[in-house]
Chemist: 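I'd like to ask you about the structure that follows.
Please read these numbers as outputs of a predicted model, since none were measured by experiment. Just so you know, residue 1 is the first one in the sequence shown, and it goes up from there.
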Amino acid sequence: MKKTLLAALAAASATALIAPAVATAAPEPADVAATTATTATAVPAALAAAALPGTPAADHAGTRTQWPETLGLPKAWAEKVILRDRPDLEIEHIPEGALVTMDYREDRVRIVHNALGLVSQVPAIG
């Protein structure tokens with residue numbers, strides 16, 4: 001019973017920050033795997049359609065260069081948010097603490113994530 005509740009909480013933790021909490025029954029173990037699989041890749045409708053919180057960082061041409069609102073989101077969601085704003089960019093997923101080159105590229109955004117797959121640094125062009 002504890003494992004089922006913990007798994008349900010883990011699966012819902014990322015969406016709890018975005019959507020208001022709704023009282024639901026705890027899912028069965030088979031449902032937890034399905035919920036986790038869809039949660040990791042699907043962007044909630046509220047995030048995809050609504051204006052995101054925070055002041056967008058922009059360069060002089062008016063295009064976004066940083067995405068501070070993605071801090072703490074799953075890396076797949078962050079990628080979708082960035083590509084929604086700037087589909088011309090190349091996205092790289094970098095584990096926290098990994099060694100990377102120090103070259104600056106205006107067509108690249110690195111999403112640095114922790115072991116849980118949550119964004120741990122503000123993604124920015126470079």
Side-chain angles (χ1 to χ4, degrees):
M1 182 68 173
K2 281 186 178 180
K3 287 183 181 179
T4 304
L5 290 175
L6 289 175
L9 287 172
S13 65
T15 57
L17 297 173
I18 299 167
V22 177
T24 58
E28 293 300 317
D31 293 339
V32 171
T35 302
T36 303
T38 57
T39 302
T41 58
V43 175
L47 182 62
L52 297 171
T55 305
D59 63 10
H60 297 5
T63 54
R64 304 263 326 249
T65 59
Q66 293 184 3
W67 289 265
E69 70 276 9
T70 62
L71 196 59
L73 290 178
K75 60 184 178 181
W77 292 6
E79 180 175 355
K80 290 179 190 236
V81 169
I82 293 167
L83 290 176
R84 180 190 67 194
D85 292 340
R86 295 280 308 269
D88 59 315
L89 295 176
E90 179 183 323
I91 307 291
E92 291 182 3
H93 295 273
I94 309 293
E96 201 170 42
L99 298 176
V100 294
T101 61
M102 295 302 294
D103 61 327
Y104 182 84
R105 289 181 37 203
E106 292 184 2
D107 66 336
R108 174 183 65 201
V109 173
R110 289 181 172 149
I111 297 177
V112 180
H113 58 86
N114 61 16
L116 299 174
L118 302 177
V119 178
S120 59
Q121 293 180 14
V122 175
I125 289 180

Chemist: Does I94 share a hydrophobic cluster with V109, counting links as ILVMFWY side-chain heavy atoms below 4.5 Å and allowing steps through other members?
Modeler: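 I94 does not cluster with V109.
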
Chemist: I need the I91 CD1 to K80 NZ distance, nearest 0.5 Å.
Modeler: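 Here the interatomic distance stands at 12.5 Å.
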
Chemist: Which value, rounded to the nearest 0.5 Å, describes the distance between T101 atom OG1 and R108 atom CZ?
Modeler: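 Separation between the atoms: 5.0 Å.
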
Chemist: Nearest heavy-atom pair of H93 and P95: which atoms, and what distance?
Modeler: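 Closest pair (atom of H93, atom of P95, distance): O-CD, 4.0 Å.
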
Chemist: Is the number of heavy atoms from other residues, nucleotides or ligands under 6.0 Å of E90 CD greater than 12?
Modeler: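 Above 12, so yes.
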
Chemist: Taking atom CG of D85 and atom CD of Q66, what is their separation to the nearest 0.5 Å?
Modeler: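 Between atom CG of D85 and atom CD of Q66 there are 13.0 Å.
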
Chemist: Could you state the interatomic distance from CD (E92) to CZ (R105), rounded to the nearest 0.5 Å?
Modeler: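 Between E92 CD and R105 CZ, I get 6.0 Å after rounding to 0.5 Å.
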
Chemist: Closest heavy-atom contact between A78 and V119?
Modeler: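 Nearest pair, atom of A78 first, then V119: CB-CG2, 3.6 Å.
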
Chemist: Compare all side-chain heavy atoms of I125 with those of W67 and state whether any distance is below 4.5 angstrom.
Modeler: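 Yes; the side chains approach each other to less than 4.5 Å.
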
Chemist: In this structure, which one of L73, L89, T70, I111 forms a side-chain contact (heavy atoms from CB on, under 4.5 Å) with E79?
Modeler: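 That would be I111.
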
Chemist: If you round to the nearest 0.5 Å, how far is NZ of K75 from NE2 of H113?
Modeler: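 Going from NE2 on H113 over to NZ on K75, the span is 3.5 Å.
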
Chemist: Same cluster or not: are V112 and Y104 linked, directly or through other Ile, Leu, Val, Met, Phe, Trp or Tyr residues, by side-chain heavy atoms under 4.5 angstrom apart?
Modeler: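 In one cluster: no.
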
Chemist: Determine the minimum heavy-atom distance between I82 and P123, stating which atoms define it.
Modeler: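 It is CD1-CB, 3.7 Å.
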
